[in-house]
Amino acid sequence: MQDFTYGCDMRTSQLLLPTLKEDPIDTVVISHKLMLRAGMIRQLASGLYTWLPLGVRVLKKVERIVREEMNHAGAQEVLMSGVQPAELWQETGRWSQFGPELLRLKDRHERDFCLGPTHEEVVTDLVRREVNSYKQLPLNLYQIQTKFRDEVRPRFGVMRSREFIMKDAYSFDINEDGMCQSYQTMYDAYCRIFDRIGLDYRAVLADSGAIGGSGSQEFHVLAESGEDDIIFSDGSDYAANIEKGACIASGPRKAPREDMYKVETPTQKTIDALVTDFELPIEQTVKTLIVRASESCESDFVALIIRGDHSLNEVKAENHAKVASPLTFATENEIKKLMGAGPGSLGPVNCPAPVIADLQAAVCSDFGAGANQEGWHYFGINWGRDCSEPETADLRNAEEGDPAPDGSGTYLIRRGIEVGHVFQLGQKYSEAMGATVLDENGKQSTMFMGCYGIGVTRIVAAAIEQCHDERGICWPPSLAPYHVCIVPIGGNKNPAVDEQALRIQQELQSRGLDVLLDDRNMGPGPRFADMDLIGIPVRIVVSAKTLEDSEVELKQRTEEEASRVSLKDVVDIVITLEWLKS
RNA sequence: CGGAGCAUAGCGCAGCCUGGUAGCGCGUCUCGUUCGGGACGAGAAGGUCGCAGGUUCGAAUCCUGCUGUUCCGACCA
């Protein structure tokens, strides 16, 4: 904390603290509003922000915790260039794979560069040059650095901006076991980081997506305004993001009770219409989606079947061996040509394409579905009797109340802000770039990598999303720009007020706290309002009124009531507030 | 990338339809009075009305183009 105690900034009269009384226009999430109102940031251009002194203080607090825990976990800090040569990206093929979010530019010699959205190429290049022996492994290098991604649509202030600060770490190991250990070390460090910051978070399983690799987890701060759905069991630690969250069948399939019969459905093209017009329970309907098949599949298309009330999980579908990647839905014409009927009348009975049924759809019995004949449905369908037993797969999005896959309970769904991501990369980059070391047998061995990111700027926004009230921000003490603020009242009448305020500030500072003295020449109202807005955890009011009794007023930001404490004890009392230390 | 807005003083907005010398609130500056939850009085500064064309005697206002920015959607580590 001492590294922030530079003189005159500790007085509001000297601080660039442009607070706003009114809500800024065009802000939708609370953290964006409050960061602008509290004078932490100002927008420069779409997705670009200037951080003002108060905001920088918070950023530095996040960085400090991250840095300490990374060092503690054995990672070594480096600093790589934000501008990167195209050659490295061409080596891994990402120069062409990356879309327009990779901001490319040319230097004066017409050479291609990009603004780095991530640093796998640069760090792998460094390590391939400088590390030659397995004896130098494991190695973990990290940096805290500005990244640039030319987001299609920046929004929500620094939550989704184009330029942002990220801590990224990269581990290098001689083999897969080592990589897993490095991964676990980082995972543990991440838990310590978010514990220390003091946010309500969840580590969730994530899809490893196009980057490949065997393992990936995301760290999410729970908040209504989060952009991602995360699901977790109410009975165990199982948690995953919506792309990955496994769904199982709720129970065995019931025996058929009905014969299959054909129903004319001239106007019922949607599940909703079917359910309302025929009083069919929605759980006894299925949807049939026709998508392009992968090249390894014997057919051009496959039919994906999910229960009527469920939604397709496109990531799961895309990961299926028989489904083309990227996921591509058949056009209406293709569907008609293939199935002999349009999208509103499809079903598994007499289906010309290979059928893959979601696990839950596969345990339906006596269900309704399209007849693959325009304007007709079958009701009372049963798998194995009216159509062949389908291949099954987990294809749908989890929903609240679904059974958790480990049998521990049922799913809850919450919104999360992704603030961290740990990834086992395997040999994807080291292979492409020839990052090898000599192993103990003197043979070239391609290193195993992991990468680990933390969105530093995003954490600031996420903390505000989670910690605020109607008056403003309520910083967790670990991130508070100042631990304590002092508001002197009536100093022009009674010089003792200012003297005591200054004395308390200096004593608290000498005990290692960041203390802001609000010495602005304003009435108490606006100053209280500003201190509440910027979220300082502890407020001390020094006034002539309480000084008569040799007391000051002490109030915590999250509590309604203030208490009176004696002038001589106030410093010791504040120091003993354990929660202030982090 | 598709759709929809917006652009007038530092911030929030009115004026535009119906063209005629640019206004309000907050903030800022000066002086004085105030000082326990966004005070009061008096005075003052601050705007080529996003940019470029066009129509007109005259454009913040009408027309065209451009730029910036925001929202919804698609997309996305």
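Here is how names work: the chains are called A, B, and so on, in the same order as the sequence lines, proteins then strands, and each is numbered from 1. Values below: all heavy atoms of this structure, side chains included; hydrogens, waters and symmetry mates excluded.
- Side-chain atoms of A:Arg160 and base atoms of B:rC76 include a donor and an acceptor less than 3.5 Å apart.
- Heavy atoms of A:Arg458 sit under 4.0 angstrom from at least one base atom.
- Across the protein-nucleic acid pair, A:Asn521 atom CG and B:rC40 atom C1' stand 14 Å apart, rounded to whole Å.
- The partner of B:rC57 is B:rG20, judged by Watson-Crick or G-U wobble contacts that both fall below 3.5 Å.
- Within the 4.0 angstrom heavy-atom criterion, no nucleotide atom of any strand lies near A:Thr19.
- Side chain A:Arg539 to base B:rG37: a donor-acceptor pair is found below 3.5 Å.
- Under the Watson-Crick and G-U wobble criteria, each requiring two contacts below 3.5 Å, nucleotide B:rU33 is paired to B:rA39.
- Evaluation of the ring-ring contact (aromatic ring centres under 6.0 Å, His included) rule for A:Phe329 yields no partner, not counting sequence neighbours.
- With both pairing distances under 3.5 Å, B:rG65 is matched to B:rC51 as a Watson-Crick or G-U wobble pair.
- A:Tyr170 has its ring centre no less than 6.0 Å from the ring centre of A:Tyr142.
- Going from atom CD of A:Gln43 over to atom C1' of B:rG10 covers 16 Å, rounded to whole Å.
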Name the atoms and distances for all side-chain donor-acceptor pairs under 3.5 Å in residues 39-48 of chain A, with sequence neighbours left out.
unit_1, atom_1, unit_2, atom_2, d
A:Arg42, NH1, A:Leu36, O, 2.8
A:Arg42, NH2, A:Pro18, O, 2.7
A:Gln43, OE1, A:Tyr49, OH, 3.4

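- Residue order along RNA chain B, read from the 5' end via each residue's closest nucleotide, puts A:Ser46 first among A:Ser46 and A:Phe98.
- Searching all strands for a Watson-Crick or G-U wobble partner of B:rG73 with both distances below 3.5 Å returns B:rC1.
- For A:Arg149 and B:rA77, the CZ to P distance is 9 Å, given to the nearest whole Å.
- Looking at heavy-atom distances under 4.0 Å, A:Arg37 makes contact with a base.
- The C1' atoms of B:rG32 and B:rG23 are separated by 29 Å, rounded to the nearest whole Å.
- Separating the C1' atom of B:rG43 from that of B:rG53 is a span of 43 Å, rounded to the nearest Å.
- In this structure, A:Val28 reaches the sugar-phosphate backbone alone: every heavy-atom distance under 4.0 Å involves primed, P, OP1 or OP2 atoms, never a base.
- A:Arg104 forms no cation-pi arrangement with A:Trp89, by the criterion of a distance under 6.0 Å to the ring centre and an angle within 45° of the ring axis.
- For A:Arg155, counting side-chain heavy atoms from C-beta on, the closest listed nucleotide (B:rC75, B:rC26, B:rC35) is B:rC75.
- Donor-acceptor pairing under 3.5 Å, judged by distance alone, is present between the side chain of A:Asp532 and the base of B:rG37.
- Remark: P of B:rA77 and CD of A:Gln217 are 18 Å apart, rounded to the nearest angstrom.
- If you take atom P in B:rG15 and the same atom in B:rA74, they sit 35 Å apart, rounded to whole Å.
- A donor-acceptor pair is defined here as one N or O able to donate and one able to accept, closer than 3.5 Å; no such pair exists between the side chain of A:Arg162 and the backbone of A:Glu151.
- Among the protein residues, A:Glu418 comes within range of the nucleic acid bases, having at least one heavy atom under 4.0 Å from a base atom.
- A:Glu22 comes within contact range of at least one nucleobase, with a heavy-atom separation under 4.0 Å.
- Set against B:rA39, B:rC75, B:rC13, the side chain of A:Pro526 has B:rA39 as its closest nucleotide.
- One P atom belongs to B:rG41, the other to B:rG58, and the distance between them is 45 Å to the nearest Å.
- Comparing the C1' positions of B:rG46 and B:rC24 gives an interatomic distance of 15 Å, to the nearest angstrom.
- One finds no side-chain N or O of A:Ser543 lying less than 4.0 angstrom from the OP1 or OP2 phosphate oxygen of B:rC35.
- The residue among A:Glu227 and A:Glu553 whose nearest nucleotide of RNA chain B lies closer to the 5′ end is A:Glu553.
- With B:rU70, B:rC26, B:rG37 as the candidates, the nucleotide lying closest to the side chain of A:Phe528 is B:rG37.
- The same atom, C1', is picked in B:rU70 and in B:rA59; the two are 27 Å apart, to the nearest Å.
- We find that CZ of A:Arg153 is positioned 8 Å from C1' of B:rU70, with the value rounded to whole Å.
- Comparing B:rC75, B:rU70, B:rG38 against the side chain of A:Asp530 picks out B:rG38 as the nearest.
- Ring geometry for A:Tyr187 versus A:Phe219: interplanar angle of 30 to 60°, hence tilted.
- On the C1' atoms, B:rU61 is 15 Å away from B:rA7, given to the nearest whole Å.
- Checking B:rG38, B:rC76, B:rC35 against every side-chain atom of A:Glu101, the shortest atom distance belongs to B:rC76.
- A close approach under 4.0 Å does occur between a side-chain nitrogen or oxygen of A:Lys493 and OP1 or OP2 of B:rC35.
- Between the C1' atoms of B:rC11 and B:rU28, the separation comes to 12 Å (whole Å).
- No more than 12 heavy atoms of other residues, nucleotides or ligands sit less than 6.0 Å from atom NZ of A:Lys493.
- Searching all strands for a Watson-Crick or G-U wobble partner of B:rA44 with both distances below 3.5 Å returns B:rU28.
- Judged purely by distance below 3.5 Å, without hydrogens or angles, the side chains of A:Thr92 and A:Glu121 pair a donor atom with an acceptor atom.
- Nearest nucleotide to the A:Asp26 side chain, out of B:rU70, B:rA77, B:rG36: B:rU70.
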